[in-house]
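Have a look at the structure below before the remarks.
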Amino acid sequence: PRVSVSYDLTEELTGYASIGQGFKSGGWDMRGDAALVPSTVNGYQPETVTTYELGLKGTAFDNRLSFASAAFYSDYTDQQITTQQVATLPAVGVASVVDNAGASTIYGFEFEGRAFITDSITSNVSVGYLKNEFDQFITRISGAPVDISNLREPQNSPEWSAFWGVTWTGDVAGGELNITPSISYRSDYHLFDAPDPILDQDAYTLVDLAAIWIAPNGHYQVALTGKNLTDEEYKVGGYNFAGATFNNSIDAFYGPPRTWQVGLTYRY
């Protein structure tokens with residue numbers, strides 16, 4: 001269910017508030033190993049969330065500036081989390097287990113805006129703040145449930161993120177040319193629920209560029225895009241299997257390096 005109410009503060013400004021609930025279905029872990037963790041045959045229960053949101057959106061300066069902003073608070077229960085468990089009975093080994101191990105509180109705000117600086121130049125900006133914390137993280141040590149939420153961190157949850165892009169539009173060779181340089185930023189974040197200074201990702205900034213030419217009839221489009229122009233090295237995923245049982249294995253996956261791409265599109 002979801003309930004919302006909005007109010008037009010002026011002809012240009014609208015505020016709103018909403019409350020909603022949602023769920024992620026329960027199921028069975030298709031990678032579960034019942035020989036190592038017999039309880040995996042019982043599956044896992046639905047994950048639920050209750051979310052509250054306040055927002056303000058509108059325009060100004062004869063619609064040359066538009067924006068949307070929102071503050072939110074979410075309460076998760078029975079959170080479905082994949083953990084790695086060491087089993088000693090009835091068999092010995094390491095098993096991947098999906099369980100309703102977690103509860104968390106997530107809150108923050110988002111802002112995005114667009115400005116028509118001139119007839120040929122527009123600017124887009126967005127800023128986001130996120131606070132993501134585990135209130136509960138249950139694991140089993142020697143068969144007994146233990147809350148280790150003070151030792152775990154949510155994955156891929158940078159506290160700050162931002163984007164800024166500027167687009168120039170002009171007539172070139174009878175068609176329309178759009179050139180957009182942009183930068184995006186993410187503050188430091190954890191790639192695995194068990195923090196590790198080797199695996200954790202520091203804050204980084206990416207610089208991109210896109211140039212798109214659209215033919216006069218609109219049927220043809222030629223695009224040149226450059227991603228990560230400063231060749232930033234950054235991690236987008238990883239695993240931390242510390243301890244002798246896992247041979248102190250730490251794995252990471254990296255984002256693409258500097259990349260150029262040329263594309264041709266035909267619409268009919």
Side-chain angles (χ1 to χ4, degrees), residues 1-28 43-82 98-117 122-138 147 149 152-167 180 182-191 193 203 206 208 236-237:
R2 182 176 185 271
V3 177
S4 65
V5 59
S6 63
Y7 181 75
D8 293 333
L9 303 171
T10 67
E11 290 185 357
E12 294 80 21
L13 291 177
T14 298
Y16 69 90
S18 69
I19 178 174
Q21 291 184 326
F23 72 96
K24 181 192 293 185
S25 297
W28 284 268
Y44 48 89
Q45 301 302 309
E47 171 184 305
T48 61
V49 61
T50 301
T51 297
Y52 309 85
E53 184 173 328
L54 293 173
L56 181 68
K57 55 186 177 181
T59 61
F61 306 111
D62 294 327
N63 294 323
R64 297 192 69 87
L65 174 66
S66 61
F67 74 93
S69 59
F72 58 89
Y73 180 95
S74 299
D75 182 21
Y76 282 83
T77 57
D78 292 326
Q79 203 164 5
Q80 298 166 8
I81 298 177
T82 301
V98 179
D99 201 359
N100 299 100
S104 63
T105 300
I106 302 174
Y107 59 90
F109 68 83
E110 298 174 341
F111 173 88
E112 60 181 25
R114 184 179 189 184
F116 292 87
I117 301 174
T122 60
S123 178
N124 292 277
V125 63
S126 65
V127 178
Y129 173 79
L130 178 68
K131 194 65 175 180
N132 189 354
E133 300 175 329
F134 280 121
D135 301 318
Q136 175 180 285
F137 193 109
I138 301 297
D147 184 359
S149 55
R152 292 294 183 264
E153 296 286 350
Q155 304 174 31
N156 297 310
S157 300
E159 194 165 311
W160 289 97
S161 58
F163 171 86
W164 180 45
V166 178
T167 299
T180 305
S182 63
I183 59 174
S184 56
Y185 169 82
R186 299 186 80 185
S187 62
D188 57 279
Y189 56 93
H190 304 282
L191 290 170
D193 50 55
L206 299 180
D208 300 331
V236 296

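Quick note: numbers below take in every heavy atom, side chains included, and nothing from hydrogens, waters or symmetry partners.
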For [Y], does its backbone N or O pair with a side-chain atom of [X] as donor and acceptor, under 3.5 Å?
{"X": "Asn132", "Y": "Ser157", "value": "no"}
{"X": "Glu47", "Y": "Lys24", "value": "no"}
{"X": "Arg64", "Y": "Phe116", "value": "yes"}
{"X": "Glu53", "Y": "Tyr16", "value": "no"}

I need the minimum non-hydrogen distance between [X] and [Y], along with the two atoms involved.
{"X": "Val236", "Y": "Tyr189", "answer": "CA-OH, 4.4 Å"}
{"X": "Ser187", "Y": "Pro158", "answer": "O-CB, 3.5 Å"}
{"X": "Leu13", "Y": "Gly58", "answer": "CD2-CA, 4.2 Å"}
{"X": "Asp147", "Y": "Asp135", "answer": "OD2-O, 4.1 Å"}
{"X": "Leu65", "Y": "Ala115", "answer": "CD1-CB, 4.0 Å"}
{"X": "Phe134", "Y": "Gln79", "answer": "CE2-OE1, 4.0 Å"}

State the [atom1]-[atom2] distance between [X] and [Y], to the nearest 0.5 angstrom.
{"X": "Arg114", "Y": "Thr59", "atom1": "CZ", "atom2": "OG1", "result": "13.5 Å"}
{"X": "Ser66", "Y": "Asn124", "atom1": "OG", "atom2": "CG", "result": "8.0 Å"}
{"X": "Asp75", "Y": "Tyr52", "atom1": "CG", "atom2": "OH", "result": "7.0 Å"}
{"X": "Thr180", "Y": "Asp208", "atom1": "OG1", "atom2": "CG", "result": "10.5 Å"}
{"X": "Leu206", "Y": "Tyr185", "atom1": "CG", "atom2": "OH", "result": "12.0 Å"}
{"X": "Ser4", "Y": "Ile19", "atom1": "OG", "atom2": "CD1", "result": "11.5 Å"}

Apply side-chain contact (heavy atoms from CB on, under 4.5 Å) to residues Ile106 and Phe72 and explain how you reach the verdict. CA-CA 8 Å; Ile106 302 174; Phe72 58 89; 4.2 Å; yes
Phe23 CZ: over 12 foreign heavy atoms closer than 6.0 Å: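 Check fails, neighbour count at 12 or below.
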Taking the six-membered ring of Phe137, is NZ or CZ of Arg152 closer than 6.0 Å to its centre and within 45° of its axis?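 The answer is yes, since Arg152 meets both limits relative to Phe137.
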Test side-chain contact (heavy atoms from CB on, under 4.5 Å) on Asn156 and Leu191 and set out the steps. CA-CA 6 Å; Asn156 297 310; Leu191 290 170; 3.4 Å; yes
Look at the rings of Phe109 and Trp160 and say which category their plane angle falls in: under 30° parallel, 30 to 60° tilted, over 60° perpendicular.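 The rings of Phe109 and Trp160 stand perpendicular, inter-plane angle above 60°.
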Could you tell me if the side chain of [Y] sits less than 4.5 Å from the side chain of [X], heavy atoms only?
{"X": "Tyr73", "Y": "Thr50", "value": "no"}
{"X": "Glu159", "Y": "Tyr129", "value": "yes"}
{"X": "Val49", "Y": "Gln21", "value": "no"}

Do Leu9 and Leu56 pass the side-chain contact (heavy atoms from CB on, under 4.5 Å) test, and can you show the C-alpha distance, the side-chain angles, and the key distance before you say yes or no? CA-CA 10 Å; Leu9 303 171; Leu56 181 68; 3.7 Å; yes
